[in-house]
Amino acid sequence: MARITNVSEPAVSQVLPAREHAWQTERLHKDHQRLPPRRSRFTTLSGAPIKDLYTPTDVADIDYLADLGFPGQYPFTRGVHASMYRGRPWTIRQVAGFGQAEDTNRRYKYLLAHGETGLSTDFDLPTLLGYDSDHPVYSREVGKIGVAIDTVVDAHALFADIPLDEISTSLTINGSAAVLLAMYRVTGDERGISGDLLTGTIQNDILKEYTAQNEFIFPPEPSVKLVVDTMEYAAKCMPRFNPVSICGYHIREAGATAIEELALTLSAGITYLEAAKKRGIDPDALAPRVSFFFDVHSDFFEEIAKLRAARRLWAHLMRERLGCRDPRSWLMRAHAQTAGVSLTAQQPLNNIVRTTIEALSGVLGGVQSLHTNSFDEAYAIPSEQAIKIAVRTQQILLHETGVGDVVDPLAGSYYIERLTKDIEEQAKALIEQIDAMGGLVAAIGSGYVNQLIADSAWEQQTQVEANDRVIVGVNDFVDDENPSGMDLFELDPLTAERQIRRLKEVKSSREQRRVGEALRAIESTACDPRKNLMPEIEEAVRARCTVGEVCGVLREVWGEQRPSTRF
Amino acid sequence: MPIKVVIAKPGLDGHDRGAKVIARSLRDAGMEVVYTGIFQSPESIVRTVVQEDAQVLGLSSLAGGHLEYAAEILALLSEEGDSDVLIVLGGTIPERDAAKLLAMGIAAVFGPGTPTSRVVEYIRDHAPRLRPTA
């Protein structure tokens, strides 16, 4: 990157390599002999070897204007907005969800009162998997790791008193996302808020469910079709809402490296847009509303480089591969969350420090919104006290440290730019490898992606157990600090009972004929892959059909995906 | 005869990274391992244990369903006359629940950060030696 240094080009190409070589032999090797390095091999968390020092020689192949450019301009390496956090601070968006809708609504209000600036919803497992709260086996999971939503009546309670036309909401749901997207729109509509005023994001990235998060319902093919349906529906009915948030987070948490996280995420994005293109939908009509969600893990520089590389690679893919002409299609807007897997059950207060550093890499990487984990999450969903510290962490970063006052402040660092370029190139190579297998759906079907992630997870575990990588409090600096004094969150044990009672009330007060017609319409439309299902799903939601009823009909038509038993 | 272990994921919890890492480390330690995959009901888990004639059942739970599922699996196993199966459980388990699990008959609870070697050792030391003929 001679062009971004103040060293003139002849000096870089001629004098510097010789001086650098001399420094290595005369100084560095002597240091290594005198002070043996504390590790036999230094690598990033993803296993890429790293040098002692980076100089202009390492960035000689990087061109400032072509590879970095200016923030808000192609290829967006330096950020998606020109003024970044000066004009638009990142959104403090803590995911929350437990119990019944009223319980989560109270937590929303608690978070907003403490300065959260966007909402984010975790749903319970029955909702995520398309079952109702009265399911004979799964009713015991009602409200446990998220909020229980059976019908739009619950959605109304979830967002009671929340100005949906003023605040953006993220809905973390995939298999049954189409139903929840329609519910959000109907909730707004029944409150007199039109679809074009709704802002937010629904996760709706089904492909990573088969490889990482495991909340899938139907086989990949109809599921991808349903994602395209929701994208088309949102573009028409709620044009400011992001109908898909393509996720690296869960892939990384399941054990993938940063490079695999990036490649698999972008590959999913391409898959959805190419499927839409096949149906005759112009990618430029959908791509501007595609958003992303990445992990920010513990390797500080690697994560910053990953986020910068992600934007550049996506911009190239959108422009060159998908042929998008609208600049809004090229830019990658991303949410990030600190790494849940980096939290330790041992000495849990240390997690506040880990989360702070991970959040900082998200900010320096230029994300648009951020979730900071709470220190008690290796045990349970967060207590109020713990989640407040997580919100305060972001406020301290934004207001006290100055890290958001300059756009992309680490650009031009020899190490950061080298790492950015390397991650970009390696992720690009993996995307090409997946293409050669017939695309991501085929690569998932063959078991390749699951094995890739499982092998990386195993590799990381092996490193920790061999003490190659120190985790403070786990394999070094261990003490007998007892975490039992923590004031952990506890769910009201009567939650499921109350939710089942409410479901009964809704079912007995709705218009049965309309319910039956709505479900039959879904069934007949689901049999025709050329038809968009969303109008029928929206009508079912209005008729107070349940998540379980809608998904049940689709299970009948499309079948269920069987879980993998590989390890 | 190698020790036979079933690693199971009860309920709808999809967090399977730990279950798979444990399955692999037990296999590497010479045990015979069957992994059920996610979305298993207590009945299907017990059926697998009985069919495979396993000495050890490892449950993985990271979504808060541990108390209910463990209780039901224990009850079903004793109905089957298989109450000598060594049952261990791993995942995100609050301390207060770990104590309850041990009291109801789970032999050991392994929290986040447990080295796989400790799980291997525990199973080697505690797996029932011989399967009684039913």
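No experiment lies behind these values; they were computed from the predicted model shown. So you know, we letter chains A, B, ... as the sequences are listed, proteins then strands, and number each from 1.
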Contact leader toward chain B among [options], where contacts are heavy-atom pairs under 4.5 Å:
options: A:Thr344, A:Leu125, A:Asn475, A:Ile381; result: A:Leu125
options: A:Val137, A:Leu129, A:Leu343, A:Val341; result: A:Leu129
options: A:Gln213, A:Glu253, A:Glu215; result: A:Glu253
options: A:Glu490, A:Arg566, A:Arg562, A:Glu377; result: A:Glu490

Point to revise | Distance in Å, B:Ile38 CD1 paired with A:Ser564 OG, rounded so as to fall on 0.5 Å steps | key: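 Answer rounded to 0.5 Å: 8.5 Å.
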Review point. Hey, what do you get for CD (A:Gln460) to CZ (B:Arg17), rounding to the nearest 0.5 Å?
Key: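 Between atom CD of A:Gln460 and atom CZ of B:Arg17 there are 5.0 Å.
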Review point. Looking at B:Gln40, B:Arg96, B:Glu72, B:Glu43, which one has more heavy-atom pairs under 4.5 Å with chain A than the rest?
Key: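 Of the candidates given, the most pairs with chain A belong to B:Arg96.
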Check your understanding: Does the side chain of B:Thr116 pick up a donor-acceptor pair with the side chain of A:Glu465 at under 3.5 Å?
Key ->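 Their side chains do contain a donor-acceptor pair, which is all the 3.5 Å distance test asks for.
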Review point. Side chain to side chain contact (heavy atoms under 4.5 Å, CB included) between A:Glu141 and B:Tyr69: does it pass, once the steps are laid out?
Key: CA-CA 10 Å; A:Glu141 306 200 42; B:Tyr69 284 120; 2.5 Å; yes
Is chain B contacted by the side chain of [X], its backbone, both, or neither, given a heavy-atom distance below 4.5 Å?
X: A:Phe489; answer: backbone
X: A:Ala457; answer: both
X: A:Phe216; answer: both

**Study point:** Sub-6.0 Å ring centroid separation between A:Tyr138 and B:Phe39
**Key:**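 No, the ring centres sit 6.0 Å or more apart.
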May I ask you to test the [X]-[Y] pair for a side-chain heavy-atom distance under 4.5 Å?
X: B:Val21; Y: A:Trp458; result: yes
X: A:Asn214; Y: B:Asp16; result: yes
X: A:Lys144; Y: B:Glu68; result: yes

Practice item. Check whether B:Ser117 gets within reach of chain A through its side chain, its backbone, both or neither, counting any heavy atom under 4.5 Å. Key: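 It is both, since atoms from each part get that close.
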Check your understanding: By number, which residues in residues 26-34 of chain B have some heavy atom less than 4.5 Å away from chain A?
Key ->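 Expected list: B:Arg27, B:Asp28, B:Val33.
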Check your understanding: So which residues of residues 2-13 of chain B are in contact with chain A at a heavy-atom cut-off of under 4.5 Å?
Key ->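 Under the 4.5 Å heavy-atom cut-off, B:Gly11, B:Leu12, B:Asp13 qualify.
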Check your understanding: Would you call B:Arg24 and A:Asp455 a salt bridge, taking side-chain N to carboxylate O under 4.0 Å as the test?
Key ->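 Judged by the 4.0 Å cut-off on N to carboxylate O distance, B:Arg24 and A:Asp455 do form a salt bridge.
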Exercise for review: Locate the shortest heavy-atom distance separating A:Ala378 from B:Pro112; write the atom from each residue and the value.
Suggested key: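 That would be O-CG, 3.6 Å.
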